[in-house]
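Values in this document were obtained by computation on a predicted structure and should not be read as measured data. Residue numbers begin at 1 in each chain, while the letters A, B, ... track the order of the sequences. Excluded from the calculations below are hydrogen atoms, water molecules and symmetry mates; all remaining heavy atoms, backbone and side chain alike, are included.
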Number of protein chains: 2
Amino acid sequence: MDELLPKFESVFSIDCVIFGFDAGELKVLLIERNEEPFKDWFALPGYIVGQQESIDDAAERILNELTGLRGLHMEQFHTFGEVNRHPQGRVVTVAYYALIRINGQKELRPVTQYARKAFWHPVNELPKLAFDHSEIFNTGFNKIRRRLSYQPIAFELLPEKFTLTQLQMLYEAILNKKLDKRNFRKKMLSYGFLKELDEKQRGVSYRAAKLYKFDKRKYTKIFQNELTVEG
Amino acid sequence: MDELLPKFESVFSIDCVIFGFDAGELKVLLIERNEEPFKDWFALPGYIVGQQESIDDAAERILNELTGLRGLHMEQFHTFGEVNRHPQGRVVTVAYYALIRINGQKELRPVTQYARKAFWHPVNELPKLAFDHSEIFNTGFNKIRRRLSYQPIAFELLPEKFTLTQLQMLYEAILNKKLDKRNFRKKMLSYGFLKELDEKQRGVSYRAAKLYKFDKRKYTKIFQNELTVEG
DNA sequence: CCAAAAGTGTTGGGATTACACCCATGC
DNA sequence: GCATGGGTGTAATCCCAACACTTTTGG
């Protein structure tokens, strides 16, 4: 099969690891490939960078073309450059990740023929993925785990209004361990960037929980200082 | 000038930010370029990745050719992919860093004609560098600063035997702030991976300090657990 | 009234900070 | 004997982990 395909001299590509959270489960966005190589396989959304676009711009364009998503803030996390990671030639790929709200998003609809469909898949029990995408996924997953322990990135995954229990379930899904309810709440509230709303949960058959939202102003004020090294 | 040079379609390159510590000062390894573009400028050691080598292998080869250094463990930290970062065409560069002992190293001697010389330069008062290398350096510097706060990577910069004051000076140079002597020593010793030697400093005109070295076995035992995410 | 999840405080241990003086050595 | 850096302890505070019961609500 390899011989029938065009060979690349050297190209860069982008692969995206997009996390979402839905029904108490952490999910990752996959596509079903519609082109060789690895036709019909599941893969991370990814494609080749154009000559006249920065890699950051390319990441946004490619994700949009393959999934229909637009305008999310992705961050580069690792570059994969083994010689034979792509059967058609030398392709070095820069991997990006993002965390998004599944609910708030429109339907996933690939724009190109390159992907047959895009869909959310639970991060547990991931099938084998095309290329070295399983490794890319694992690297990205470890990255956000570690990052979550020192930066509250989790709210990017939640709807605008959420309960503390939802937030805790998300932390538990990412960190893969149980957390203590009282300690968790105490700590989250102590940061000071959670804003308690007057609203409560609706439609549940038990005591309704208070809803919160993130106060982005306070959040950035608190955390920009920790990241900058002055001097 | 640009018109006279060959144009690249798309290539990857490696740039290296190598930190050293000498005479109480943190330094970075630079080269003086001997080729257009940016001939005669100072730059980070960097060059183009070959078709048949992984980016990790390329990093080691390139550093060796430009500086004579060999076999150090470098780690990738960011990929720079702006369209016009290289005047001759599209060059995406993967940046690596490493920390090494200046004293233990042989003389710096470029193997290729591409660099006229390689030398250590204090990280403060860095001159303007070729391409976007100033930005690359800053990104790398911030990376090791942040990393130092949660991982004791500083040893890699010190000679095998060192005093606690030297270690503290190094931390202060990287973090760019004064530390309390007693607290610093208490904390470092509490980790348990510093081995006190029977030897003392020699040739100083004041009370000689005890020498220590790192117990690598204990060090890795302690810190491998922190990095692994079980699950 | 029952099931289900919401909500709420205290305590002990470990880590971190702040802080100042005497000691050993070479010259 | 003096200048220079080496070496040392304690108290106050903060942060984290452990732990269980009452309240509210819909059905």
Side-chain angles (χ1 to χ4, degrees), chain A residues 21 23-25 145-146 148-152 154 158-159 161-173 175-213 222-223 225-226, chain B residues 21 23-25 146 148-152 154 158-159 161-173 175-213 222-223 225-226 230:
Chain A
F21 186 65
E25 251 191 337
R145 274 187 184 135
R146 215 165 302 163
L148 186 70
S149 349
Y150 63 93
Q151 252 188 76
L158 290 172
K161 302 172 183 179
F162 53 87
T163 69
L164 291 179
T165 301
Q166 286 168 346
L167 184 62
Q168 183 177 346
M169 287 196 325
L170 173 53
Y171 267 76
E172 291 177 345
L175 300 176
N176 196 30
K177 64 179 175 192
K178 282 273 157 214
L179 300 172
D180 179 88
K181 183 158 66 159
R182 275 175 292 190
N183 291 338
F184 180 81
R185 286 164 180 242
K186 211 183 316 168
K187 190 169 166 188
M188 281 298 147
L189 292 174
S190 77
Y191 286 134
F193 51 63
L194 288 184
K195 189 163 168 185
E196 187 180 329
L197 301 177
D198 284 335
E199 256 173 293
K200 295 200 165 186
Q201 238 178 348
R202 319 195 103 238
V204 291
S205 70
Y206 47 80
R207 178 176 176 179
K210 279 182 208 156
L211 291 172
Y212 290 81
K213 68 176 190 181
I222 294 166
F223 282 88
N225 296 336
E226 290 200 9
Chain B
F21 186 65
E25 250 190 338
R146 216 165 301 165
L148 187 70
S149 346
Y150 63 94
Q151 251 186 77
L158 289 172
K161 302 171 183 179
F162 53 87
T163 69
L164 291 179
T165 300
Q166 286 169 345
L167 183 62
Q168 183 177 346
M169 286 195 326
L170 174 53
Y171 267 77
E172 291 177 345
L175 301 177
N176 197 30
K177 65 178 175 194
K178 283 273 159 213
L179 301 171
D180 179 87
K181 183 157 66 160
R182 276 175 292 190
N183 292 337
F184 180 80
R185 286 165 180 240
K186 210 184 317 168
K187 188 169 167 190
M188 281 298 147
L189 292 173
S190 77
Y191 287 135
F193 51 63
L194 288 184
K195 189 163 166 185
E196 187 180 330
L197 302 176
D198 284 336
E199 255 173 293
K200 295 199 166 185
Q201 238 178 349
R202 318 193 103 239
V204 290
S205 70
Y206 46 80
R207 179 175 175 178
K210 279 184 207 154
L211 291 172
Y212 290 80
K213 69 175 191 184
I222 295 166
F223 283 88
N225 296 337
E226 291 200 8
E230 72 284 5

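Neither side chain, B:Ser190 nor B:Arg185, offers a donor N or O lying under 3.5 Å from an acceptor on the other.
Contact of B:Lys210 with D:dG7 (side chain to base): no donor-acceptor pair of N or O atoms is detected under 3.5 Å. Between the base of C:dA6 and the side chain of A:Arg207 there is a donor-acceptor pair shorter than 3.5 Å. Donor-acceptor pairing under 3.5 Å, judged by distance alone, is absent between the side chain of B:Lys187 and the base of C:dT17.
One interatomic measurement links the two molecules: CG of A:Leu164 to P of C:dG7, which rounds to 7 Å at whole-angstrom precision. Look at CZ on B:Arg185: it is 13 Å from P on D:dG5, rounded to the nearest Å. Look at CZ on A:Arg182: it is 12 Å from P on D:dT22, rounded to the nearest Å. Computed from coordinates, the B:Phe184 CZ to C:dA18 C1' distance equals 17 Å when rounded to whole Å. In this entry the distance linking CG of A:Asn183 with P of C:dG12 reads 16 Å, nearest Å. Between A:Lys200 atom NZ and C:dA5 atom C1' the separation is 13 Å, expressed in whole Å. B:Gln201 has its CD atom 12 Å from the C1' atom of C:dA24, to the nearest Å.
Heavy atoms of B:Thr163 sit nowhere under 4.0 angstrom from any nucleic acid atom.
A salt bridge is defined here as a Lys NZ or Arg NE, NH1 or NH2 lying under 4.0 Å from an Asp or Glu carboxylate O, and A:Lys177 with A:Glu172 fails to meet this definition.
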